[in-house]
Amino acid sequence: YQDKEEVVLWMNTVGPYHNRQETYKYFSLPFCVGSKKSISHYHETLGEALQGVELEFSGLDIKFKVLYFIFFSDDVMQTTYCEIDLDKGRRDAFVYAIKNHYWYQMYIDDLPIWGIVGEADENGEDYYLWTYKKLEIGYNGNRIVDVNLTSEGKVKLVPNTKIQMSYSVKWKKSDVKFEDRFDKYLDPSFFQHRIHWFSIFNSFMMVIFLVGLVSMILMRTLRKDYARYSKEEEMDDMDRDLGDEYGWKQVHGDVFRPSSHPLIFSSLIGSGCQIFAVSLIVIVVAMIEDLYTERGSMLSTAIFVYAATSPVNGYFGGSLYARQGGRRWIKQMFIGAFLIPAMVCGTAFFINFIAIYYHASRAIPFGTMVAVCCICFFVILPLNLVGTILGRNLSGQPNFPCRVNAVPRPIPEKKWFMEPAVIVCLGGILPFGSIFIEMYFIFTSFWAYKIYYVYGFMMLVLVILCIVTVCVTIVCTYFLLNAEDYRWQWTSFLSAASTAIYVYMYSFYYYFFKTKMYGLFQTSFYFGYMAVFSTALGIMCG
């Protein structure tokens, strides 16, 4: 800024403290506007529009480094900027807001500031409005690096009176560097707590144990079997049929049989590969760039990366479908391309109806909906097509080491704990156990007022999750094949994907015991998007 240049104070949203996502336009409460002429604000990014950022000009006259002192004092002058004519309707609106702990958010130079609307007395009979915004702005050179708000001027809400709203601005020099100005919003004592480090260490121990278990199975059991198997290749068919085969070698003629419902199966696998690629890239970008310093940038980055990685989905889904002998590859491509977008947009559409009913700022504008649909049809679909064609041509030929028998082998009776349903249910416990502490930190940053910034932790947890999931599914598949059941594809996928069920169950615990959310809008928002998050995580693990 130049000296005496205008500094804009934007009013963003107001809403109940306990319901982070239930926000309304600041001027939906009967606050008055300063006399300065209005400046309009547009959504700078897609993420900003989707997250319900509604910046409106406060009308306050703030100039860079300009101070107005009271004569013969060090105090800054208090300026009245407007007056509220408090009739019964307006008083009721303020009383409702104070009862529900409403607070508001403002921005100066992209720095967020929070303030509370008012408070009640101890008996809950009289209600008071804070009328005086005392702003203290820190500057380093010609840049704003720090903003603090103190609410003062408590005025009792009495119908048919006039309430004067005032403000003052104090400029002070600060040593904070411009690059570090967001550090005060971070909470190292919460995110770098001993429990966080301990949970990573704990999960790491689990990884060592599982890798040991899997390598033991592969080394000890399979080495003997492979030695016998390679010896048998020198025998003729008659001798081999008379040999004492047992366990998984009995099903070598059926193990590469296509899975049931190959179209859905390959679409899920393709989508899972894409979600994994998106997670990896977004975490790396977040580690390099501080995405939390810009409104909506995390969401915008995720949407851009998701669209850009569509060929990954097409490649893995299309090649697997071709290897399984699928003929309807165009249908498979469409299902693969729109599986995740349809799930996310369907949930958003449902919640949008509730947001419109509530007149909440989270209601997605029609233009933004059109933009998202255009991304799906004109970016995701063509890139998916490119990936599918590449996948079919480069790795679409079946190259199985054993030939598939013409007649499927009957599956023998097995013990109850070897049934696919039981294996699937038990398979998700260990992957969930390796991530659930991190889930607490991620949930708290999304549903409460913490900024998540420890993406190094998240990367470690993603790597641990991958290793644990791989090991668990190898063990599950080994048990299933040993029980002479060759239907391993869906069991392998679902035993890892069942992590989603445990994460969703944990979200219920989190809602009831860790938050104070209430109301239809916040509850449907929470459980709707938690279902989307859990499903996406499950598909990625699978």
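Residues take their numbers from the sequence shown, with the count starting at 1.
Within a 6.0 Å radius of OH in Tyr518, more than 12 heavy atoms belonging to other residues, nucleotides or ligands are found. For Phe338, the CZ atom sits in a packed shell: over 12 heavy atoms of surrounding residues, nucleotides or ligands are nearer than 6.0 Å. Within 6.0 Å of the CD1 atom in Ile195, the count of heavy atoms belonging to other residues, nucleotides or ligands does not exceed 12. For Lys184, the NZ atom counts as densely surrounded, since its 6.0 Å shell holds more than 12 non-hydrogen atoms of other residues, nucleotides or ligands.
Aromatic pair Phe446/Phe443: centroids not less than 6.0 angstrom apart. Here Phe479 and Phe417 keep their ring centres 6.0 angstrom or further from each other. Checked against the 6.0 Å centroid criterion, the rings of Phe441 and Tyr452 do not qualify as a close aromatic pair.
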Q: For the pair Phe191 and Ser445, evaluate side-chain contact (heavy atoms from CB on, under 4.5 Å) and give the outcome as yes or no after the intermediate values.
A: CA-CA 10 Å; Phe191 283 108; Ser445 67; 4.1 Å; yes
Q: Kindly indicate, with the supporting measurements, whether the criterion side-chain hydrogen bond (donor to acceptor under 3.5 Å, both in side chains) is fulfilled by Gln274 and Asn313.
A: CA-CA 5 Å; Gln274 186 181 4; Asn313 184 339; 2.9 Å; yes
Q) Hey, mind stepping through Ile375 and Leu46 against side-chain contact (heavy atoms from CB on, under 4.5 Å) and telling me if it holds? A) CA-CA 11 Å; Ile375 290 171; Leu46 185 62; 3.8 Å; yes
Q: Evaluate the side-chain contact (heavy atoms from CB on, under 4.5 Å) criterion for residues Tyr306 and Ile340: first the C-alpha distance (whole Å), next the side-chain angles of each, then the deciding distance (0.1 Å), finally the verdict.
A: CA-CA 10 Å; Tyr306 185 85; Ile340 302 293; 3.2 Å; yes
Q: Walk me through it: do Tyr455 and Met458 pass the test side-chain contact (heavy atoms from CB on, under 4.5 Å)?
A: CA-CA 5 Å; Tyr455 289 99; Met458 201 188 267; 4.1 Å; yes
Q) Would Phe533 and Tyr504 satisfy ring pair (Phe, Tyr, Trp, His ring centres under 6.0 Å), going step by step from the backbone distance to the final call? A) CA-CA 9 Å; Phe533 172 77; Tyr504 200 55; over 10 Å; no
**Q.** salt bridge (Lys or Arg N to Asp or Glu O under 4.0 Å) between Glu484 and Lys414, worked out
**A.** CA-CA 9 Å; Glu484 296 178 25; Lys414 50 186 174 293; over 6 Å; no
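When each of Phe190, Phe457, Tyr440, Phe201 is checked for a ring pair (Phe, Tyr, Trp, His ring centres under 6.0 Å) with His196, only Phe457 meets the rule.
There is a side-chain donor-acceptor pair under 3.5 Å between Tyr510 and Thr444. Under 3.5 Å, the side chains of Tyr526 and Thr515 contain no donor-acceptor pair of N or O atoms. Side-chain contact, Gln324 with Ser266: no donor N or O sits under 3.5 Å from an acceptor N or O.
The minimum heavy-atom distance linking Gly52 with Thr13 is given by the pair O-CG2, 3.8 Å. Annotation for Ala307 and Leu383: closest pair O-CD1, 3.2 Å, computed over non-hydrogen atoms. Across every non-hydrogen atom of Ser203 and Ser434, the tightest pair is OG-O, 2.9 Å. Phe204 and Ile464 make their closest contact through N-CD1, 4.2 Å (heavy atoms, listed as atom of the first residue, atom of the second, distance). Between Asp254 and Val407, the shortest heavy-atom distance links the atoms OD1-O, 3.9 Å. When all heavy atoms of Tyr321 and Arg328 are compared, the closest pair comes out as OH-N, 3.3 Å.
Separation of atoms CZ (Phe521) and OH (Tyr358) is listed at 8.5 Å; rounding is to 0.5 Å. Rounding to the nearest 0.5 angstrom, the gap separating the CG atom in Leu291 from the CE atom in Met298 is 5.5 Å. Atom-to-atom distance recorded for Asp290:CG and Leu186:CG is 8.0 Å, nearest 0.5 angstrom. Tyr185 contributes atom OH, which lies 8.0 Å from atom CD1 of Ile451 (distance to the nearest 0.5 angstrom). Going from atom NZ of Lys450 over to atom CZ of Arg20 covers 11.0 Å, rounded to the nearest 0.5 Å. In this structure, CE in Met530 is found 5.5 Å from OG in Ser507, a value given to the nearest 0.5 Å.
With contacts defined as side-chain heavy-atom distances shorter than 4.5 Å, the pair Leu280/Met459 qualifies. Counting heavy atoms from C-beta on, the side chains of Ile335 and Lys331 come closer than 4.5 Å. Counting heavy atoms from C-beta on, the side chains of Leu299 and Glu48 never come closer than 4.5 Å. Considering only heavy atoms from C-beta on, Phe256 comes within 4.5 Å of Pro401 through its side chain. Annotation: side chain of Val14 is not in contact with side chain of Trp103 (no heavy-atom distance under 4.5 Å). A 4.5 Å side-chain heavy-atom check between Met206 and Leu210 finds at least one atom pair inside the cut-off. You'll find the side chain of Asn384 stays beyond 4.5 Å of the side chain of Pro311, heavy atoms only. Residues Tyr315 and Ser395 are in side-chain contact: their nearest non-hydrogen atoms beyond the backbone lie under 4.5 Å apart.
Under a 3.5 Å cut-off, the side chain of Tyr449 and the backbone N or O of Tyr17 do form a donor-acceptor pair. When atom types are taken as modelled, the side chain of Asn202 and the backbone of Phe198 share no donor-acceptor pair closer than 3.5 angstrom. One N or O on the side chain of Tyr486 and one on the backbone of Arg409 form a donor-acceptor pair closer than 3.5 Å. Formation of a donor-acceptor pair under 3.5 Å by the Ser297 side chain with backbone atoms of Thr293 is not found in this model. A donor-acceptor pair is defined here as one N or O able to donate and one able to accept, closer than 3.5 Å; no such pair exists between the side chain of Asn352 and the backbone of Ala348. Of the possible polar contacts, none joining the Ser319 side chain to the Gly391 backbone as a donor-acceptor pair under 3.5 Å is found. No donor-acceptor distance shorter than 3.5 angstrom exists from the side chain of Arg403 to the backbone of Gly253, with no hydrogens or angles considered. Remark: the backbone N or O of Tyr104 is not paired with any side-chain donor or acceptor of Trp114 at under 3.5 angstrom. Judged by distance alone, the side chain of Thr368 and the main-chain N or O of Ile364 form no donor-acceptor pair under 3.5 Å. With hydrogens and angles ignored, the 3.5 Å screen pairs no side-chain donor or acceptor of Asn12 with any backbone N or O of Gln105.
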Can you list, pair by pair, the side-chain donor-acceptor contacts under 3.5 Å of residues 466-474, counting residues two or more places apart and other chains?
from, atom 1, to, atom 2, distance (Å)
Thr469, OG1, Leu465, O, 2.6
Thr473, OG1, Thr469, O, 2.8
Thr473, OG1, Val470, O, 3.0

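Ring geometry for Tyr453 versus Tyr292: interplanar angle over 60°, hence perpendicular rather than tilted (30 to 60°).
Taking Tyr529 as the reference, Phe525 meet the ring pair (Phe, Tyr, Trp, His ring centres under 6.0 Å) condition, with sequence neighbours excluded. In this view, Phe349 and Phe353 satisfy the ring pair (Phe, Tyr, Trp, His ring centres under 6.0 Å) rule, not counting sequence neighbours.
With salt bridges taken as basic N to acidic carboxylate O contacts below 4.0 Å, none links Glu22 and Arg362.
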